[in-house]
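This report refers to the structure that appears directly beneath it.
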Amino acid sequence: TAGLSLLNLGGEPSSEASSGYGQVRELFTFGSPAIVKGGFLKNPARADGCFPGLRVYTRGSHRNPDFEVRFYVADPIAWLFTGMGFSHPEMAVLSVDDDNTLHSGYSECTDGWNG
């Protein structure tokens with residue numbers, strides 16, 4: 001699985017928080033790896049630190065018929081770098097269960113769960 005990130009850039013580069021590079025209006029990631037070293041990336045333009053948009057990744061389970069065991073798995077790219085201290089941006093998260101979409105999970109950014 002390869003990650004994809006879409007940025008909607010806009011706004012005037014006038015605020016100190018944007019350092020003259022503009023602002024991110026929306027951020028949508030699909031199966032993307034954690035990209036921030038040393039803590040969650042916060043949006044300096046908002047008091048809650050959240051980026052508008054959505055982070056999406058897949059999860060599911062696979063049955064091993066030899067052992068009658070079900071293994072629960074998540075998209076490896078989405079968590080690949082988390083063991084090395086990388087994090088995802090602060091934003092809403094949708095985990096799509098590829099076995100049963102009724103078991104998919106959603107969390108607002110301010111819920112404190114980052115998937």
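- For G49 against E90, the heavy-atom pair with the smallest separation is O-CB, 3.4 Å.
- Taking F81 as the reference, P33, M84, F86 meet the side-chain contact (heavy atoms from CB on, under 4.5 Å) condition, with sequence neighbours excluded.
- No donor-acceptor pair closer than 3.5 Å links the side chain of H88 to the backbone N or O of L41.
- The shortest non-hydrogen separation linking R59 to G105 is NH2-N, 3.5 Å.
- Smallest separation of non-hydrogen atoms from A92 and G53: CB-O, 3.8 Å.
- Under the 3.5 Å distance criterion, the side-chain polar atoms of S107 are left unmatched by any main-chain donor or acceptor of V93.
- N43 places a side-chain N or O within donor-acceptor distance of the main-chain N or O of C50, the cut-off being under 3.5 Å.
- Atoms OG and NZ, from S87 and K37 in turn, are 9.5 Å apart once rounded to the nearest 0.5 Å.
- Put simply, NZ on K42 and CE on M91 are 13.5 Å apart, with the number rounded to the nearest 0.5 Å.
- Of all heavy-atom pairs between T29 and R55, the closest is OG1-CG, 3.1 Å.
- Cluster annotation: W79 is not connected to I77 through the hydrophobic network of ILVMFWY side chains, with a link wherever side-chain heavy atoms come within less than 4.5 Å.
- Between atom CZ of residue F30 and atom OG1 of residue T58 there is a gap of 12.5 Å, rounded to the nearest 0.5 Å.
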Subject >> side chain to side chain contact (heavy atoms under 4.5 Å, CB included) between L54 and Y106, worked out >> reply: CA-CA 10 Å; L54 186 64; Y106 175 79; 3.7 Å; yes
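- Between F51 atom CZ and L27 atom CG the span is 7.0 Å, to the nearest 0.5 Å.
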